[in-house]
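None of these values were measured; they are calculated from a predicted model.
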Amino acid sequence: MPGPDVHHPGIGLIVLPQERWTTRRQARQQFVARLSRCFPTVWMNPPHQRTGIGARWRSGTPEWSRAESAPELDVFTPPAWLPRLHRPAGAAALADRLRLGRARDRLLRAGARRIVLSIWHPEHVGALARVRHDAVLYHVNDEYSYSPEELPTSGEERTLLGRADATYFSSRTLLEAKGPLARRAVFLPNGADCAAFAAPAPEPDDLAPVPHPRIGYTGWVKPQLDWELIGALARARPDLHLVFVGEISRQPGMSGRLDALRSLPNVHFLGGKSSAELAAYPQHFDVCAMPYLVDGYTRYIYPLKLHEYLAGGRPTLGTPLPALAEFEGVVAVAAGVGEWSAAVDRLLAPAAGSDAAREARQAVARAHEWDALASRLERDIVGLFPAR
């Protein structure tokens, strides 16, 4: 049940994400953790596959739990007898109705009189017909085809865009591409926990042995990074040390890409970290890097690390993504190894590390604080149900 200080107990949220609730704070966790202080909220962990029923029984995971990092949030883990079914279609729909019904009943018992579906992926379009609700919010936080080639908007997503009371787009390119299909389109960018990333922290033990200058990246180590650029820069500039802090994606081809780099003495992979640990790394980089490929997928992203880097105040360099264009005063942009090498040298110069330059970066980050962004969303949700 919600805590006594929930601001709007009469409005309940059912959150339909792609993944289980974890301590890793992506945009959806950042927003939902804060919204759970305002509304009774259920986070729906994805159901297990039918083949995993035994493992679900043995896990001992309770059906309902509270997240340590978000103590007001109800986390629902479907019981063993409610797995994900794919066929027959009727049984799959019934299982979905039962899962959603348990979440709705939980919110009604908590005092909610209005139920809002907060949908974070088009795979949940079926929920529109499977649980009684009063409003729908759809969050387009990514190009959900994940394709490097431009693809048409899927039928499922078109349905959500047309049915949602409001659709929130995390990048302006997503807004431009899909906003015309939405009933109400809102630009709501990613943000940062500025206090966490700006607070001085000791140098992490695994980073301390890495020599300066350090060109650092934090986040998923994944195929969407420009590995040709990264390898070329490492070979052309042996004086620079390229540091990657984050879990390595298991997508095909990743091991081969990284094997060629692991042999280089100036490339360092430090592994995954918790969200709390991660905040200490950027402030000990000399340059914070966003070395993304530029393709049909990344043109739609708004990197979560953008404002985290800026909150730490360190010089920041990225490839020419559309999302970075409006931040040219605080983020350097370069394409190709020659431009990157020259840009790194400029960012290592004293002027780029001055107090004035640091303050300019941190001011931009503060304008994108998660608390302020979540407050905008809170006001929108309350506005769905004007007082009679």
Side-chain angles (χ1 to χ4, degrees), residues 16-29 45-49 51-52 55 84 86 120-124 139-154 156-157 170-171 173-174 177 190 215-235 242-264 267-275 277-278 281 288-306 308-309 318-324 335 337 340:
L16 295 165
Q18 295 169 264
E19 75 289 331
R20 297 171 62 86
W21 180 268
T22 68
T23 57
R24 184 182 298 112
R25 292 298 186 94
Q26 301 296 319
R28 43 198 168 274
Q29 284 93 351
N45 277 344
H48 53 285
Q49 299 294 332
T51 54
R84 184 192 302 273
H86 300 284
W120 287 83
H121 194 278
E123 70 180 14
H124 295 299
H139 300 266
V140 185
N141 199 242
D142 214 336
E143 169 45 57
Y144 292 122
S145 70
Y146 306 108
S147 171
E149 309 297 330
E150 295 280 351
L151 295 177
T153 302
S154 70
E156 291 85 356
E157 189 160 38
S170 63
S171 75
T173 43
L174 283 170
N190 290 331
I215 314 305
Y217 168 91
T218 59
W220 277 100
V221 179
K222 54 193 176 182
Q224 288 79 18
L225 299 184
D226 191 339
W227 293 106
E228 287 190 17
L229 168 64
I230 292 163
L233 182 64
R235 293 181 178 90
L242 280 57
V243 182
F244 296 87
V245 184
E247 292 185 43
I248 296 174
S249 168
R250 298 181 181 179
Q251 290 176 265
M254 278 303 299
S255 60
R257 289 186 178 97
L258 300 191
D259 286 346
L261 294 173
R262 291 183 194 277
S263 63
L264 299 177
V267 180
H268 311 266
F269 295 96
L270 303 187
K273 313 293 174 186
S274 70
S275 292
E277 292 172 319
L278 200 65
Y281 284 83
C288 297
M290 290 181 282
Y292 289 96
L293 287 169
V294 180
D295 60 22
Y297 169 70
T298 60
R299 73 180 301 269
Y300 292 109
I301 68 172
Y302 191 110
L304 190 63
K305 60 187 57 57
L306 167 61
E308 294 173 348
Y309 286 169
T319 47
L321 301 176
L324 302 184
V337 65
W340 264 67

Asker: State, without any angle test, whether Ser145 and Glu143 hold a side-chain donor-acceptor pair at a distance under 3.5 Å.
Answerer: yes
Asker: Under the 3.5 angstrom rule, does the side chain of Glu157 hit a backbone N or O of Ser154 as a donor-acceptor pair?
Answerer: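 Side chain of Glu157 to backbone of Ser154, a donor-acceptor pair under 3.5 Å: no, none is there.
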Asker: For the CG atom of Asp226 and the CG atom of Leu293, what is their distance to the nearest 0.5 Å?
Answerer: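 That separation rounds to 4.5 Å.
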Asker: Give the C-alpha distance, both sets of side-chain angles, the deciding distance and a yes or no for side-chain contact (heavy atoms from CB on, under 4.5 Å) between His48 and Arg84.
Answerer: CA-CA 6 Å; His48 53 285; Arg84 184 192 302 273; over 6 Å; no
Asker: So Phe269 and Val245, do their side chains get closer than 4.5 Å, heavy atoms only?
Answerer: no
Asker: Would you say Asn190 and Leu306 make side-chain contact, with heavy atoms under 4.5 Å?
Answerer: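 No - every pair of side-chain heavy atoms lies 4.5 Å or more apart.
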Asker: Between Glu247 and Lys273, is the closest basic N to carboxylate O distance under 4.0 Å?
Answerer: no
Asker: Between Tyr309 (side chain) and Thr218 (backbone), is there a donor-acceptor pair under 3.5 Å?
Answerer: yes
Asker: Checking side-chain polar atoms at under 3.5 Å, does Asn141 have a donor or acceptor matched by the opposite partner on Tyr302?
Answerer: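 No, because no side-chain N or O of Asn141 sits under 3.5 Å from a partner of the opposite role on Tyr302.
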Asker: Pro320 versus Val294: any side-chain heavy-atom pair under 4.5 Å?
Answerer: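 Counting from C-beta outward, Pro320 and Val294 do come under 4.5 Å.
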Asker: Find out whether Pro303 and Leu321 are in side-chain contact, i.e. whether some heavy atom of one side chain is under 4.5 Å from a heavy atom of the other.
Answerer: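 In short, these two side chains touch, coming nearer than 4.5 Å.
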Asker: Answer yes or no: does atom CZ of Arg250 have more than 12 heavy-atom neighbours from other residues, nucleotides or ligands under 6.0 Å?
Answerer: no
Asker: Can you name the nearest heavy-atom pair linking Pro291 to Ala289, along with the distance?
Answerer: CD-C, 3.5 Å
Asker: Ignoring hydrogens and angles, state whether a donor on the side chain of Gln18 or Gln26 is under 3.5 Å from an acceptor on the partner side chain.
Answerer: no
Asker: NE2 of His268 to CG of Leu242: how many Å apart, nearest 0.5 Å?
Answerer: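 His268 NE2 to Leu242 CG: 8.0 Å, rounded to 0.5 Å.
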Asker: Step by step, would you call Tyr292 with Lys222 a side-chain contact (heavy atoms from CB on, under 4.5 Å)?
Answerer: CA-CA 10 Å; Tyr292 289 96; Lys222 54 193 176 182; 4.0 Å; yes
Asker: What's the shortest heavy-atom distance between Tyr297 and Ser147, and which atoms?
Answerer: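 Minimum heavy-atom contact is CB-O, 3.2 Å.
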Asker: Starting at OG of Ser249, measure out to CG of Leu225 and round the result to the nearest 0.5 Å.
Answerer: 10.0 Å
Asker: Would you name the heavy atoms of Arg25 and Trp21 that are closest together and state the gap between them?
Answerer: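 Shortest heavy-atom contact: NE-CZ2, 4.3 Å.
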Asker: When you measure from the side chain of Tyr300 to the backbone N and O of Asp142, does any donor-acceptor pair fall under 3.5 Å?
Answerer: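 Side chain of Tyr300 to backbone of Asp142: no pair is present.
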Asker: In Å and rounded to the nearest 0.5 Å, what is the CZ to OH distance from Phe244 to Tyr217?
Answerer: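 So the CZ of Phe244 and the OH of Tyr217 are separated by 8.5 Å.
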Asker: Within the distance-only criterion (no hydrogens, no angle test), does the side chain of Arg299 pair as donor or acceptor with the backbone N or O of Asp295 below 3.5 angstrom?
Answerer: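 Pair absent, no side-chain N/O of Arg299 close to backbone of Asp295.
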Asker: How about Glu228: does its CD atom have over 12 heavy atoms from other parts shown lying under 6.0 Å from it?
Answerer: no
Asker: Once you round to the nearest 0.5 Å, how far does CZ of Arg257 lie from CZ of Arg262?
Answerer: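 Taking CZ in Arg257 and CZ in Arg262, the distance rounds to 13.5 Å.
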Asker: Report the distance from atom CH2 of Trp227 to atom CG of Leu261, rounding to the nearest 0.5 Å.
Answerer: 6.5 Å
Asker: Would a distance-only check, ignoring hydrogens and angles, find a side-chain to backbone donor-acceptor pair under 3.5 Å from Thr319 to Ala335?
Answerer: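 Not at all, since once roles are kept as given, no pair shorter than 3.5 Å links the two residues.
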Asker: Determine whether Glu19 and Gln29 make a side-chain contact, defined as any pair of heavy atoms from C-beta on separated by less than 4.5 Å.
Answerer: yes
Asker: Using distance alone, with no hydrogens and no angle criterion, decide if Gln49 and Thr51 have a side-chain donor and acceptor under 3.5 Å apart.
Answerer: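 Looking only at side-chain atoms, Thr51 and Gln49 do not form any donor-acceptor pair under 3.5 Å.
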Asker: Can you tell if the side chain of Trp120 reaches within under 4.5 Å of the side chain of Leu16, non-hydrogen atoms only?
Answerer: no
